[in-house]
Amino acid sequence: MFFYRLLLFCFATLIATLWLGGEPTPATHDPTHEERAAPDEPGITFNSVHVAGAYIAMTFDDGPSATLTPKLLDLLAAHHIKATFFVIGENVAEHPEIVARAAREGHEIGNHSWSHPNFGKMSDENVRRQLWRTDDAIKNATGKRPTLLRPPYGSITAREKRWIHDEFGYQIILWDVDPNDWKRPGPAVVRNRILQETRPGSIVLSHDIHPGTIEAMPSTLDALEAKGFKFVTVSELIRAATARPARSPAEAPVNVRAAVTPSPSPTSAPSGDQAQ
Ligand SMILES: [Zn+2]
């Protein structure tokens, strides 16, 4: 009888050991949690950031535009708001003085590629060339190299994220608020979508190459200020990150969706329009 009990005990121990050994990786190592990383985590990709205050980052892509970006800079200056511009290298080369002004006035400048291709479908060599040319153009215009990348269309593979981070030191910035302003739905729709979706720690995507977006901004900024939001650059938002509380399961799909949705693809975008 004793022998059988011993055997049973050994067997149970063996099973328990195997089972524990096969436990899924702890939640803190779950790769889907790499966004919203706290400062003590090796955060590379961000859709939004967990912060202790009502801080948000407004981001403007695809510029600079000769006419619209200066208008936006005037508005931001009047509100004492710092924003982040993810610029296209070709446009920087054409209007370096506008990028220089934005940087001088305290805005952050990030890399958004040279000519807005889809990184997810390109060779490493071509991606590298897109990034270096733009990095150089930003350095020439502002005297400073960027530390942030927003891939066009949000399209980037996990492997690209790693080597780009290793080689350029960039943090990869996506977004959690998307008013789809590139479809030009009209200023009221752009404003309402931003107001509805923005939370503390949000990264708001829009484009300073569409007149409707610029038209939407005065009332959008007024309303966000009335709600108590405070505006910081993306790097400031990341530096303000606090330890992330346990997330409810309902929260996860939102971030995962934003992280993996690269569309619309360049081919599906209406001609003459640029997404993200
Ligand atoms: Zn874009």
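Start at 1 and go down the list; that is how both ligands and their atoms are numbered.
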Query raised in the report: Between the Zn ion (ligand 1) and Asp61, is there an N, O or S atom separated by less than 2.8 Å?
Result: no

Query raised in the report: Which angle, to the nearest 10 degrees, do you find at the Zn ion (ligand 1) between NE2 in His112 and NE2 in His116?
Result: 100°

Report summary line: Of Leu72, Thr233, Val99, the one forming a side chain to side chain contact (heavy atoms under 4.5 Å, CB included) with Phe85 is Leu72

Requested in this report: Begin from the C-alpha positions of Asp166 and Lys161 and carry the test salt bridge (charged side-chain N to carboxylate O under 4.0 Å, His left out) through to its verdict.
Outcome: CA-CA 9 Å; Asp166 289 347; Lys161 281 182 191 174; over 6 Å; no

**Report entry** is_close_aromatic(His80, Phe231), centroid dist under 6.0 Å
**Finding:** no

Query - Minimum-distance atom from the Zn ion (ligand 1) among N, O or S atoms of Asp62 - result: OD1

**Report entry** Stepwise salt bridge (charged side-chain N to carboxylate O under 4.0 Å, His left out) check, Glu105 with Arg101
**Finding:** CA-CA 6 Å; Glu105 295 181 358; Arg101 176 188 164 190; 2.8 Å; yes

